[in-house]
Amino acid sequence: MLDVLGDYPEAVEADLAHHYPGYGPGGPVAAFWRGEITLRWLRVMVQGLPPDGAMARAMAGHHWQHIDWAAAETRDMVERLFVAFCNANRDPKSAAVPYPERTWRPGDPMPEPADEDAKREQSRAAYEHIVSQVKRE
């Protein structure tokens, strides 16, 4: 039975319950244990699960689908084309615009979070400057 459910039995069970709701409480796994379906039929249902379900996310380790990868590639290409256009049409005396970093994708190291304390301190200083300008007597 565990061979049918694979390495991620909870994800498979969630997908089965979602995609085959007609089997009642517990979904197809419970129906198998009640003797209502065969192990072969349960295996066929597991093998027929869609590539965007809980099992696929568990196996991949992320929720990205094909469209997400395509969007990231498109964004990177548009950004690079824009910078290339700006650099080709810039004043020869001005510095070239640097190319942007690649968009983050699953598997890449997580981007460093911005220093929140420095941003908060800078915002506080700007606020106090504005208040001092307004309160002049």
Side-chain angles (χ1 to χ4, degrees):
M1 171 65 175
L2 288 178
D3 288 342
V4 172
L5 298 181
D7 295 334
Y8 306 98
E10 291 85 7
V12 172
E13 191 170 357
D15 274 348
L16 288 171
H18 176 76
H19 294 288
Y20 302 102
Y23 286 94
V29 175
F32 167 75
W33 289 113
R34 290 190 302 259
E36 297 171 6
I37 62 173
T38 64
L39 183 60
R40 179 188 176 284
W41 183 239
L42 182 62
R43 181 183 54 80
V44 168
M45 284 192 267
V46 169
Q47 289 177 339
L49 289 174
D52 61 346
M55 181 181 67
R57 289 190 304 272
M59 288 175 67
H62 57 78
H63 68 279
W64 275 40
Q65 296 177 16
H66 177 73
I67 191 72
D68 300 313
W69 293 95
E73 291 293 327
T74 302
R75 176 183 174 175
D76 288 345
M77 186 175 295
V78 167
E79 287 177 344
R80 292 185 63 81
L81 286 171
F82 180 73
V83 169
F85 176 81
C86 289
N87 285 335
N89 294 296
R90 69 181 165 84
D91 182 8
K93 296 175 185 171
S94 64
V97 177
Y99 282 94
E101 292 291 321
R102 187 177 100 123
T103 302
W104 181 88
R105 291 162 175 78
D108 290 350
M110 291 299 288
E112 292 294 321
D115 186 12
E116 295 298 322
D117 291 336
K119 286 171 73 177
R120 197 174 297 119
E121 191 68 35
Q122 187 179 16
S123 297
R124 185 72 180 163
Y127 170 77
E128 289 175 357
H129 174 73
I130 291 170
V131 169
S132 69
Q133 296 294 319
V134 172
K135 285 189 171 183
R136 280 192 188 176
E137 295 179 14

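Since the model is a prediction, treat every value here as computed from it, not as a measurement. All residue numbers refer to positions in the sequence shown, counting from 1.
Of all non-hydrogen atoms in A17 and P28, the two that sit nearest each other are N-CD, 4.2 Å. Residues R90 and A96 share a closest heavy-atom pair of NE-CA, 3.6 Å. Of all non-hydrogen atoms in A56 and P51, the two that sit nearest each other are CB-O, 3.1 Å. For the residue pair E101 and D76, the shortest heavy atom distance occurs at O-OD1, 4.4 Å. In plain terms, the two heavy atoms of Q65 and D52 that are nearest each other are NE2-CB, 3.6 Å.
Under the ring-ring contact (aromatic ring centres under 6.0 Å, His included) criterion, W69 pairs with H62, W64, sequence neighbours left out.
Side-chain N or O atoms of D15 include none that pairs as donor or acceptor with a backbone N or O of V12 at under 3.5 Å.
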Run the side-chain contact (heavy atoms from CB on, under 4.5 Å) check on L5 and E13 step by step: do they pass? CA-CA 8 Å; L5 298 181; E13 191 170 357; 5.6 Å; no
Criterion side-chain contact (heavy atoms from CB on, under 4.5 Å) on Q133 and H129, from CA distance to verdict: CA-CA 6 Å; Q133 296 294 319; H129 174 73; 3.4 Å; yes
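Between atom CZ of residue R80 and atom CZ of residue R75 there is a gap of 14.0 Å, rounded to the nearest 0.5 Å. Taken from CD1 in I37 to CZ in R43, the straight-line distance is 12.0 Å, to the nearest 0.5 Å. Taking CG of D7 as the start and CE of M59 as the end, the distance is 7.5 Å to the nearest 0.5 Å.
Under a cut-off of 6.0 angstrom, the local environment of CD in E36 is crowded, with over 12 non-hydrogen atoms contributed by other residues, nucleotides or ligands. Counting non-hydrogen atoms of other residues, nucleotides and ligands closer than 6.0 Å to CD1 of I67 gives a total of 12 or fewer.
The hydrophobic cluster containing W41 also contains M55, counting ILVMFWY residues as joined when their side-chain heavy atoms lie under 4.5 angstrom apart, directly or transitively. Under a hydrophobic clustering in which Ile, Leu, Val, Met, Phe, Trp and Tyr are joined whenever their side-chain heavy atoms come within less than 4.5 Å, directly or via other members, W33 and L42 fall into the same cluster. Under a hydrophobic-cluster definition in which Ile, Leu, Val, Met, Phe, Trp and Tyr are linked whenever side-chain heavy atoms come within less than 4.5 Å, directly or via other members, F85 and V83 are assigned to different clusters.
Looking only at side-chain heavy atoms (C-beta outward), I130 and Y127 stay at 4.5 Å or farther from each other. Proximity of Y20 to V29: side-chain heavy atoms (C-beta onward) are nowhere separated by under 4.5 Å. Under the 4.5 Å side-chain criterion, counting only non-hydrogen atoms from C-beta, E73 is not in contact with M77. Residues L16 and Y23 have side chains not in contact (no heavy-atom distance under 4.5 Å, counting atoms from C-beta outward).
At a threshold of 4.0 Å, the pair R102-E79 does not count as salt-bridged, since none of the basic side-chain nitrogens sits closer than that to a carboxylate oxygen.
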